Chemist: 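Okay, here's the structure, questions in a sec.
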Amino acid sequence: MSILENLNPQQQEAVQCTEGPLLILAGAGSGKTRVLTHRIAYLIYEKKVYPGNILAITFTNKAAQEMQERLEKLVGSAAERLWVATFHSTCLRILRWEIKELGYTSDFVIYDEQDQQTLLKSILKEMNLDENKYTPRSISARISGYKNELKTPDAALREIGNSYYDHQVINIYEEYQKRLKKNNALDFDDLIMLTVKLFKEKPEVLAEYQERFKYILVDEYQDTNTAQYMLINLLAAKHKNLCVVGDDDQSIYQWRGADIRNILSFEEDYPEAKVIKLEQNYRSTKNILGAANEVVKNNTRRKAKTLWTEKEGGDKIHYYTAQDEVDEALFIVRTVRQIREEENKDYKDFAVLCRTTGQFRAIEESLIRANIPYRVFGGTKFYDRKEIKDILAYLRVIANPFDEVSLKRIINTPKRGIGETSWDKLVKYANTNGKTIYDCMAEPEAAGIGAKTAAAVKAFRKQMEGFKELSNSNITFLTTKILEDTGYRQELELEKTIEAETRLENLQEFLTVTKRYDAESQGGDLAAFLAEISLMTDIDNYDSDEDAMVIMTMHGAKGLEFPVVFITGMEENLFPHSRSIASNDPEEIEEERRLCYVALTRAKEKAFLTRAWRRSIFGRDSFNKESRFIGEIPEKYLENPLKREKAAFSGSLLSGAPSSVSRASSSCSFYVGDKVTHVKWGQGVVVSVKGTGEDAEISVAFPDQGIKKLIAKYAPLKKVTN
DNA sequence: AAAACGCCGGTTTTT
DNA sequence: CCGGCGTTTT
């Protein structure tokens with residue numbers, strides 16, 4: 001049986017145990033993707049399961065893509081019939097078929113974060129709410145939280161107290177939801193929530209999909225939220241052939257609503273469940289794995305397990321304290337060059353992991369200067385660029401004229417003399433007369449718009465109607481026509497700036513995307529194209545054969561592995577992040593620690609931890625202590641422990657500084673982590689120090705007051721000595 | 001209506 | 001260091 005070759009006994013068992021619920025607790029690097037793919041191959045070849053009856057759900061596009069590729073190698077063309085997809089794209093596909101049951105039409109558009117905010121802002125404006133008090137950002141986070149828990153506005157209302165603010169949030173949520181529906185739009189969370197709603201309200205539809213997906217596999221189960229959990233369990237309820245794979249130590253999305261209980265209580269949900277543990281790590285050397293294990297041991301809430309490896313010790317973990325972020329980047333450049341020379345490695349064998357995307361820039365700059373090829377994942381995405389969003393907005397309105405967010409975006413882009421005031425008039429008129437904005441644009445005078453602007457509005461609408469006629473032709477043609485006829489391209493060409501040039505290039509790049517789509521699907525389903533695009537990330541265009549270094553966030557790196565890994569920014573307030581420190585919630589620090597575990601276990605042969613003594617954040621210098629996670633790695637795994645800073649907080653700032661930097665005031669110094677008392681606000685913790693000496697700006701987290709910024713020489717602060 | 005300027009304000013991680 | 005936003009100017 002070739003499928004079982006090269007698998008260890010536990011892996012073999014996991015592959016063969018195909019019937020009934022199965023929980024695979026798979027430590028980092030224990031070959032879980034291998035198990036999943038081989039299990040699918042086993043189902044197809046040994047159990048003669050039709051590939052179309054298998055659903056494999058992953059968390060990210062990247063993971064789905066990788067699994068699909070591996071399956072193609074394993075089962076050949078049968079892989080085409082399999083459903084290998086993320087939660088979101090699975091739901092998208094289902095909803096494209098079934099959403100009419102819920103009163104939407106199948107040409108719905110998907111709103112991204114930015115679109116949501118635009119809609120929320122316009123709602124706040126209409127409700128006369130202060131944008132500073134009800135920030136779109138926090139409101140959308142709240143709404144997302146409710147949706148992840150499958151809570152409708154009504155349900156949310158039932159469980160809150162009598163806080164006025166909370167009630168308003170729910171009012172906004174309710175209005176937001178109404179507007180989405182009116183616009184025939186869904187946000188990311190709706191994709192999941194509405195699919196669950198569909199299944200709950202239409203048992204006959206659910207039954208159909210239960211029958212279709214006789215075997216379900218879910219990767220990264222520890223990262224599922226309530227809505228996703230419900231979705232899976234509904235789908236699996238009939239056949240109960242549910243195989244979930246996860247690792248509680250790698251749960252790093254609780255901030256996004258992931259509920260670790262989903263994996264911890266699987267055995268209660270399915271008492272007949274079989275549990276298999278995979279504890280042998282095939283990825284990392286002993287030193288790397290040992291260090292990672294020791295770090296994560298500091299967490300309290302975890303299933304006990306110990307990963308082990310047969311690999312040799314290998315290098316100890318390297319540790320470098322840089323002067324600043326530029327020096328940190330240069331260290332990476334030097335090291336990459338050296339290792340490439342000595343060990344004949346490719347650029348693609350190296351990865352730089354950062355806690356935040358803001359750290360990317362300094363690293364990128366150094367790599368460019370050093371002529372080292374690299375690819376960035378995360379950060380500003382291709383589809384988030386202004387020019388791409390603009391052209392997409394045109395296409396979206398053509399596919400779905402109810403989409404007010406996109407309509408607003410393009411009605412005066414390029415400039416047509418239709419300003420904010422006219423737009424507001426249209427919206428108001430449409431809302432009071434129960435019409436759609438797009439319809440009102442046929443008779444703008446009725447909305448009280450002056451003759452000149454009215455003519456512009458009508459001309460614009462007429463042009464859009466003309467585009468609509470072409471909506472069934474191929475998308476490349478339509479896109480080109482829009483760019484020409486609206487003068488969008490011309491406007492950029494006339495600008496003759498570098499930025500305009502880049503935008504034109506990006507539009508050209510967009511046309512290669514449409515061409516590919518046109519070639520693959522004969523004859524344009526515009527709505528399908530748009531929906532697909534909205535779930536895409538840059539990763540989908542990633543050519544894994546290209547020899548380039550990788551820069552990404554630690555979150556983005558989950559599930560991947562590299563021979564050499566740089567983990568940067570090992571500083572308090574960056575990693576663990578200041579927000580997790582300030583929250584005073586130990587659980588948040590534990591999540592950061594798991595992230596550290598994930599980051600370390602990406603490395604196969606060498607891991608470099610770096611930190612900067614001084615780092616420019618938002619244009620200001622900040623000085624942070626070494627990350628606590630460094631101290632959690634036992635000396636025996638670290639290469640040069642002597643260079644480590646003393647853990648003590650007592651010395652001056654200089655204690656951790658490289659010798660060439662020698663300016664710092666010793667008077668009235670506060671350090672991150674210091675406990676202080678404030679005359680008015682009581683006890684707090686210093687979460688950041690910017691600048692030095694008496695002018696230093698100190699941020700202090702007070703339990704009840706939040707974070708306050710204070711200037712050292714004025715602040716009535718006293719250190720609390722333990 | 002649009003450009004130009006200056007001011008806070010806010011900044012984690014992703015589908 | 002950006003970018004978004006409100007104010008002022010053209």
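Keep in mind it's a predicted model, so treat the numbers as computed, not measured. Numbers restart at 1 for each chain; the letters A, B, ... are given by sequence-line order, proteins then strands.
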Chemist: With heavy atoms under 4.0 Å as the rule, sort A:Phe59 into base, sugar-phosphate or nothing.
Modeler: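 Touches sugar-phosphate only.
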Chemist: Where does DNA chain B form stems of at least three consecutive Watson-Crick or G-U wobble pairs, each pair having both distances below 3.5 Å?
Modeler: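 DNA chain B forms these stems: B:1-8 with C:3-10.
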Chemist: Does NZ or CZ of A:Arg93 come closer than 6.0 Å to the centre of the six-membered ring of A:Trp83, within 45° of the ring's axis?
Modeler: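 Relative to the ring axis of A:Trp83, which defines the angle, A:Arg93 lies inside both limits.
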Chemist: At under 4.0 Å between heavy atoms, what does A:Thr421 touch on the DNA or RNA strands: base, sugar-phosphate, or nothing?
Modeler: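 It contacts sugar-phosphate atoms only.
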Chemist: Ignoring hydrogens and angles, are the base of B:dT12 and the side chain of A:His577 linked by a donor-acceptor pair under 3.5 Å?
Modeler: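 No, the side chain and the base share no sub-3.5 Å donor-acceptor pair.
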Chemist: Identify whether any heavy atom of A:Glu420 sits under 4.0 Å from a base atom; if not, whether one sits that close to sugar-phosphate; answer base, sugar-phosphate or nothing.
Modeler: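 It contacts nothing in the nucleic acid.
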Chemist: For B:dT11, does either OP1 or OP2 sit under 4.0 Å from a side-chain N or O belonging to A:Arg137?
Modeler: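 So the side chain of A:Arg137 is within the cut-off, an N or O lying under 4.0 Å from OP1 or OP2 of B:dT11.
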Chemist: Look at A:Thr553 and B:dT14 and indicate whether a side-chain polar atom (N or O) is within less than 4.0 Å of OP1 or OP2.
Modeler: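 Yes, such a contact exists.
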Chemist: Would you say the side chain of A:Arg355 and the base of B:dT12 hold a donor-acceptor pair, judged only by whether the two atoms sit under 3.5 Å apart?
Modeler: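 Such a pair exists between side chain and base.
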Chemist: Between atom CZ in A:Arg256 and atom P in B:dT15, what is the gap in whole Å?
Modeler: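 Atom-to-atom, A:Arg256 to B:dT15, this comes out as 7 Å.
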Chemist: Base, sugar-phosphate, or nothing: which does A:Ser422 touch, judged by heavy atoms less than 4.0 Å apart?
Modeler: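 The residue A:Ser422 makes sugar-phosphate contact but no base contact.
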Chemist: A:Asp189 near the nucleic acid: base, sugar-phosphate alone, or nothing, with a heavy-atom cut-off under 4.0 Å?
Modeler: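 Here A:Asp189 touches no strand at all.
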Chemist: What is the distance, rounded to the nearest whole Å, between atom OH of A:Tyr134 and atom C1' of B:dG10?
Modeler: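 Going from OH in A:Tyr134 over to C1' in B:dG10 covers 20 Å.
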Chemist: Given C:dC5, B:dT13, C:dC2, identify the nucleotide with an atom nearest to the side chain of A:Glu131.
Modeler: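 Output: C:dC5.
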Chemist: Partners of A:Arg142 by salt bridge (charged side-chain N to carboxylate O under 4.0 Å, His left out), sequence neighbours excluded?
Modeler: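 If we apply the salt bridge (charged side-chain N to carboxylate O under 4.0 Å, His left out) test to A:Arg142, skipping adjacent residues, the hits are A:Asp166.
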Chemist: For a quick check of understanding: with a heavy-atom distance under 4.0 Å over all strands, which category does A:Lys121 fall into, base, sugar-phosphate or nothing?
Modeler: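 Sugar-phosphate, no base atom in range.
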